[in-house]
Q: 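For reference, the structure I am asking about is given below.
No experiment lies behind these values; they were computed from the predicted model shown. In this chain, numbering begins with 1 at the start of the sequence shown.
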Amino acid sequence: VGNSDQGVGLSAGDIMVSSDFFYQFIDWRHDQVDASEPYDHEGTLSTTIISPKITIGLSDWWNFSFQQILGTRHMGWGLDETSKHHRDEHSHSNFLNAIGGYLGDARLMLRYLALNTGRGQGSRLFFGLGYVIPSKNTLSVSPFLKDEDENSDTYGEYIDHRHFSMSQGVKKMVLESQYYYKKGTNPVFLGMSFKIDEPLSDNEYGFSGSRLTELSLSFLFNKNNFMKIPYGLNIVVSHENEAFWNGVPAPNSQSIIITPAMSLFWRTDFANLSLGFQLPIFLSGVMSESGETDLNQEANAFQISLSMRKILDYTIPWLYW
């Protein structure tokens, strides 16, 4: 979910409410995983999220925000065959190795405005420090385990499992920086942000989580363009490193994704709105159940986001000074 308040500085006592709606659709396939399922796997994975946030200006240089993710993910299984890996299911339902629900992670962020040229041309620089409060709606057992009972008819085969959930269930520290430069001509805003989500410890089920490193470049154009409406272009490069289940590497947990995007902006009497379109390009780490072979994985995806931002008329009196 993109930040709907990037580049915005608040005065002491100001309150801003924002919300991001996000929808992602992935169409995927890969070769058979093992001999127990002698057919290619294919299906879809859709994610629908709404993420409300409140941001409070503690002073003209500091602000604090709280954000909560709510949503669901749905796996569409494209075959009539029965699979231990996939089936038609939602993340809000429980499974053998998954605790279902609609609650995703919550995020606390403290940001410092180091440079600010106000309404004029010039630089704006933010630094942020945050903490991710994990949701309990997560996987409770590794999805990569196989039946180790030599007397079982399914010995050596994968145990029935789910691969996705609303959360990794891992506490994380967030480090970020955002830089924006305002110009008099298009593009009127040039921006760059860098973020690291660093896992602090394994969760209660033995999962370590992945470090997320993300770099974003953005360009904002005012309405003096051929579309006669403000719009933005940006590209995001994200990388997740290898994760572990009880010290064992989780296959396919590393990923590199490049996401070009375009957004349209409106200012209404109620709030500022933006509508975004993104096309993720998966360079590595797609929809595999096994790290033993490449499996000729393929995935095509698109994303749509709708963001709302409003600074309330109300000011917290004891913060206004």
Q: Going by side-chain contact (heavy atoms from CB on, under 4.5 Å), name the residues that satisfy it together with Ile196, two or more places apart in sequence or in a different chain.
A: Phe194, Glu198, Arg211, Thr213

Q: Does the side chain to side chain contact (heavy atoms under 4.5 Å, CB included) test come out yes or no for Arg111 and Glu176, once each step is laid out?
A: CA-CA 9 Å; Arg111 291 188 176 92; Glu176 71 168 25; 2.4 Å; yes

Q: Does the ring center of Tyr112 lie less than 6.0 Å from the ring center of Phe127?
A: no

Q: With a 4.5 Å heavy-atom cut-off, do Met16 and Asn63 have their side chains touching?
A: no

Q: Test Phe144 against Val248 for side chain to side chain contact (heavy atoms under 4.5 Å, CB included), laying out the working first.
A: CA-CA 10 Å; Phe144 306 105; Val248 179; over 6 Å; no

Q: Any chance NZ of Lys183 has more than 12 other-residue heavy atoms, nucleotides or ligands included, within less than 6.0 Å?
A: yes

Q: Whether the side chain of His161 engages the backbone of Ile159 through a donor-acceptor N/O pair (distance < 3.5 Å, no angle test) should be reported.
A: yes

Q: Do any N or O atoms from the side chain of Asn97 and from the backbone of Val141 form a donor-acceptor pair under 3.5 angstrom?
A: yes

Q: I want to check something: taking the side chain as every heavy atom from C-beta on, are Leu275 and Ile304 in contact at a cut-off of under 4.5 Å?
A: yes

Q: Is there a path of hydrophobic side-chain contacts, each under 4.5 Å between heavy atoms, that joins Trp62 and Leu125?
A: no

Q: Rounded to the nearest 0.5 Å, what's the gap from CG on Leu115 to OG on Ser123? Could you check?
A: 6.0 Å

Q: Is there a side-chain contact between Tyr39 and Gln32 (heavy atoms, below 4.5 Å)?
A: no

Q: What's the verdict on side chain to side chain donor-acceptor pair (under 3.5 Å) for Ser165 and Asn137, showing C-alpha distance, side-chain angles and the deciding distance?
A: CA-CA 7 Å; Ser165 61; Asn137 302 142; over 6 Å; no

Q: How are the rings of Phe221 and Tyr231 set relative to one another: parallel (under 30°), tilted (30 to 60°) or perpendicular (over 60°)?
A: parallel

Q: For residues 100-109, dump all side-chain donor-acceptor pairs below 3.5 Å to protein atoms at least two apart in sequence or in another chain.
A:
| from | atom 1 | to | atom 2 | distance (Å) |
| --- | --- | --- | --- | --- |
| Asp105 | OD1 | Ser135 | N | 3.0 |
| Asp105 | OD1 | Ser167 | OG | 2.6 |
| Arg107 | NH2 | Asp197 | OD2 | 3.0 |

Q: Decide yes or no for Trp245 and Pro143: does some side-chain heavy atom of the first lie under 4.5 Å from some side-chain heavy atom of the second?
A: yes

Q: Checking Ser11 side chain against Asp14 main chain: does a donor-acceptor pair fall under 3.5 Å?
A: no

Q: State whether the side chain of Ser83 and the backbone N or O of His86 hold a donor-acceptor pair below 3.5 Å, judged by distance alone.
A: yes

Q: Quick check for you: to the nearest 0.5 Å, what is the distance between Asn300 atom CG and Leu279 atom CG?
A: 10.0 Å

Q: Do Thr138 and Val170 have side-chain heavy atoms sitting under 4.5 Å apart?
A: no

Q: Determine the minimum heavy-atom distance between His41 and His85, stating which atoms define it.
A: CE1-CD2, 3.5 Å

Q: Flag yes if Leu215 and Ile281 sit in one hydrophobic cluster, no otherwise; membership is Ile, Leu, Val, Met, Phe, Trp, Tyr, and two members link when side-chain heavy atoms are under 4.5 Å apart.
A: yes

Q: So, taking the atom named OG in Ser19 and the one named NZ in Lys53, what distance separates them when rounded to the nearest 0.5 Å?
A: 10.0 Å

Q: Output the distance between atom CZ (Arg162) and atom CG (Leu96), rounded to the nearest 0.5 Å.
A: 9.5 Å

Q: Mind running side chain to side chain contact (heavy atoms under 4.5 Å, CB included) on Ile229 and Trp266 for me, showing each step along the way?
A: CA-CA 8 Å; Ile229 184 173; Trp266 293 271; 3.2 Å; yes

Q: Just to verify, what does Ser91 make a side-chain contact (heavy atoms from CB on, under 4.5 Å) with, not counting sequence neighbours?
A: Thr72, Arg73, Phe164, Met166

Q: Going only through I, L, V, M, F, W and Y residues with side-chain contacts under 4.5 Å, is there a path from Leu212 to Ile256?
A: no

Q: Measure the spacing between CH2 of Trp61 and CG of Leu113 and express it to the nearest 0.5 Å.
A: 9.5 Å

Q: Check whether any side-chain heavy atom of Thr154 lies under 4.5 Å from a side-chain heavy atom of Lys146, and answer yes or no.
A: no

Q: Within the supplied structure, the quantity of interest is the number of heavy atoms (other residues, nucleotides, ligands) at a distance under 6.0 Å from Asp153 CG; does it exceed 12?
A: no

Q: Of the non-hydrogen atoms in Ala250 and Ser253, which two are nearest, and what is the gap between them?
A: O-OG, 2.7 Å

Q: Glu42 pairs by side-chain contact (heavy atoms from CB on, under 4.5 Å) with which of Glu298, His30, Arg29?
A: Arg29

Q: Looking only at atom types and distance, does a side-chain atom of Gln24 sit under 3.5 Å from a main-chain N or O of Ala301, one as donor and one as acceptor?
A: no

Q: Over all heavy atoms of both residues, which pair between Lys171 and Tyr131 is shortest? Give the atoms and the distance, please.
A: CD-OH, 3.3 Å

Q: Classify the angle between the aromatic ring planes of His74 and His90 as parallel (below 30°), tilted (30 to 60°) or perpendicular (above 60°).
A: tilted

Q: What are the two closest non-hydrogen atoms of Ser218 and Tyr180, and how far apart are they?
A: OG-CE2, 4.3 Å

Q: Any sub-3.5 Å donor-acceptor pair from Thr48's side-chain atoms to Gly71's backbone N or O?
A: no

Q: Under the criterion side chain to side chain contact (heavy atoms under 4.5 Å, CB included), I'd like the reasoning laid out for Leu58 against Leu110: C-alpha separation, chi angles, the key distance, then a yes or no.
A: CA-CA 10 Å; Leu58 302 178; Leu110 182 66; 3.9 Å; yes

Q: So does Phe66 have more than 12 non-hydrogen atoms from other groups sitting under 6.0 Å from CZ?
A: yes

Q: Are Phe265 and Asn272 side-chain neighbours, meaning at least one heavy-atom pair lies under 4.5 Å?
A: no

Q: Crowded around Met192 CE? As in, over 12 foreign heavy atoms under 6.0 Å?
A: no

Q: Mind running side chain to side chain donor-acceptor pair (under 3.5 Å) on Gln278 and Thr259 for me, showing each step along the way?
A: CA-CA 6 Å; Gln278 303 93 31; Thr259 306; over 6 Å; no

Q: Side chains of Glu214 and Lys195: does their closest heavy-atom pair fall under 4.5 Å?
A: yes

Q: Checking the side chain of Lys310 only, and the main-chain atoms of Phe270 only, is there a donor and an acceptor separated by less than 3.5 Å?
A: yes

Q: How long is the gap from CD on Gln168 to CZ on Phe207, to the nearest 0.5 Å?
A: 4.5 Å

Q: If you take all heavy atoms of Asp60 and Ala12, which pair is closest and at what distance?
A: OD1-N, 3.1 Å

